[in-house]
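Have a look at the structure below before the remarks.
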Amino acid sequence: MKYKCPICNEELKFADKRMVCKNNHSFDMAKSGYVNLFITNSTNHGDNDIMANSRRDFLAKGYYQPLKTKIIETIDQYKPNNLLDLACGEGYYTADFPVDDKCGIDLSKKAINIASKADKKTQYIIASIFNNPLYDNSIDMITTIFAPIAYDEIIRLLKDDGIFIMVNPGTDHLYELKQQVYDNPYKNEETIFNYDNLKEIDIIKVKGIMKLDNNTDIINLFNMTPYYLKTSRKDIEKLNNITSLDITYDFNIHIFKKQFTSK
């Protein structure tokens, strides 16, 4: 997989624990192995430390293993030569993807540092999923799990007939958790995806019940979701005394193929 300089778009090459282009723009590799290619004045730097740590600790318990297993099976079915995981977070899924040449991109320095410390087989990059340091038509497969869809970049990066795998929540996902927090809990709306250059070729449903038997896991699950940033502290505190809860996980794995484009 080739990377391009975010300053001049020339190819970046690894040399002496850094990435450098022919115009001598240089980006140091962190001790854990990631490289920061995010150059902007934006204050948006991805998930905060609480969300990243909570997601790491919750996922380490294996509650989402059924989803992980099904994604791995799906990737293995297509056998891509390379794979880009957009919004990879702490690398829980990325690390076990059955692809030798793979890259995980996320804006959160905390999440990327966690990922690169634990997984030395993946190149992790700090960058925006909407502005990737990779070349046009160079990627066999792109994944996005519980994150915004960077459609323009996905189309730019995927080879013709390349595969895009996206995971979003199903109708019942985490409904029992929302019942504990909100006075009027709601179910998720089913989304129909209709993209000009991506043809949906399959949808895989992964659904079941998680039995959480301690308050730490319950709090971590809530903190790793988008609800954490949208909910008042008063409502979040309703979870403090709950020590066990059966919660539905409900995932949709959408598989798309990029359609041929005119040359």
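Atom CG of Asp235 is surrounded by more than 12 heavy atoms from other residues, nucleotides or ligands within 6.0 Å. Remark: Lys199 NZ is loosely packed, at most 12 non-hydrogen atoms of other residues, nucleotides or ligands lying under 6.0 Å away.
Ring centers of His254 and Tyr195: at least 6.0 Å apart, outside the cut-off. The distance between the ring centers of Phe164 and Phe256 falls below 6.0 angstrom. Tyr64 has its ring centre no less than 6.0 Å from the ring centre of Tyr93. You'll find the ring centres of His173 and Phe251 inside the 6.0 Å limit. Taking the six-membered ring where the residue is Trp, the centroids of Tyr63 and Phe58 are separated by under 6.0 Å.
For the pair Asp246 (side chain) and Lys211 (backbone), a donor-acceptor distance under 3.5 Å is absent. At least one donor-acceptor pair closer than 3.5 Å links the side chain of Asn188 to the backbone N or O of Gly170. Counting only distance, with no hydrogens or angles, the side chain of Lys4 and the backbone of Glu10 share no donor-acceptor pair below 3.5 Å. Side chain of Asn132 to main chain of Leu134: no donor-acceptor pair is present (N/O by atom type, distance under 3.5 Å, no hydrogens or angles). In terms of modelled atom types and a separation under 3.5 Å, the side chain of Asn215 and the main chain of Ile242 share a donor-acceptor contact. Between the side chain of Lys102 and the backbone N or O of Thr94 there is at least one donor-acceptor pair closer than 3.5 Å. In this structure a side-chain-to-backbone donor-acceptor pair under 3.5 Å is present from Lys120 to Ser32.
Using a 4.5 Å heavy-atom threshold, the side chains of Tyr34 and Met29 count as separate. A 4.5 Å side-chain heavy-atom check between Leu12 and Leu37 finds at least one atom pair inside the cut-off. Counting only heavy atoms from C-beta outward, the side chains of Ile204 and Asp202 approach each other to under 4.5 Å. Residues Asn82 and Met141 form no side-chain contact, since every pair of their non-hydrogen atoms from C-beta on lies 4.5 Å or further apart. With contacts defined as side-chain heavy-atom distances shorter than 4.5 Å, the pair Ile203/Ile255 does not qualify. Side-chain contact between Glu153 and Ile129 is absent, with no heavy-atom pair separated by less than 4.5 Å. Annotation: side chain of Lys258 is not in contact with side chain of Ile163 (no heavy-atom distance under 4.5 Å). When side chains are defined from C-beta on, Arg56 counts as touching Glu90, because their heavy atoms get closer than 4.5 Å.
Here the options are Leu86, Asp85, Leu84, the test is side chain to side chain contact (heavy atoms under 4.5 Å, CB included), and the partner is Cys88; only Asp85 passes.
Taking the centre and axis of the six-membered ring of Tyr228, the NZ or CZ atom of Arg233 falls inside the cone set by 45° and 6.0 Å. Under the 6.0 Å distance and 45° angle rule, Lys187 counts as a cation-pi partner of Tyr175.
For Asp28 and Arg18, the salt-bridge test fails: no basic side-chain N is under 4.0 Å from an acidic carboxylate O. Under the 4.0 Å criterion applied to side-chain N and carboxylate O atoms, Glu237 and Lys234 are not assigned as salt-bridge partners.
Checked by atom type, the side-chain pair Lys205/Asn252 shows a donor-acceptor distance below 3.5 Å. Looking at Thr69 and Gln65, their side chains do bring a donor and an acceptor atom within 3.5 Å of each other. Remark: the Asn220 side chain and the Asp217 side chain contain no N/O donor-acceptor pair separated by less than 3.5 Å. A side-chain donor-acceptor contact under 3.5 Å links Thr122 and Asp119. The closest side-chain donor-acceptor pair between Asn197 and Gln259, if any, does not fall under 3.5 angstrom.
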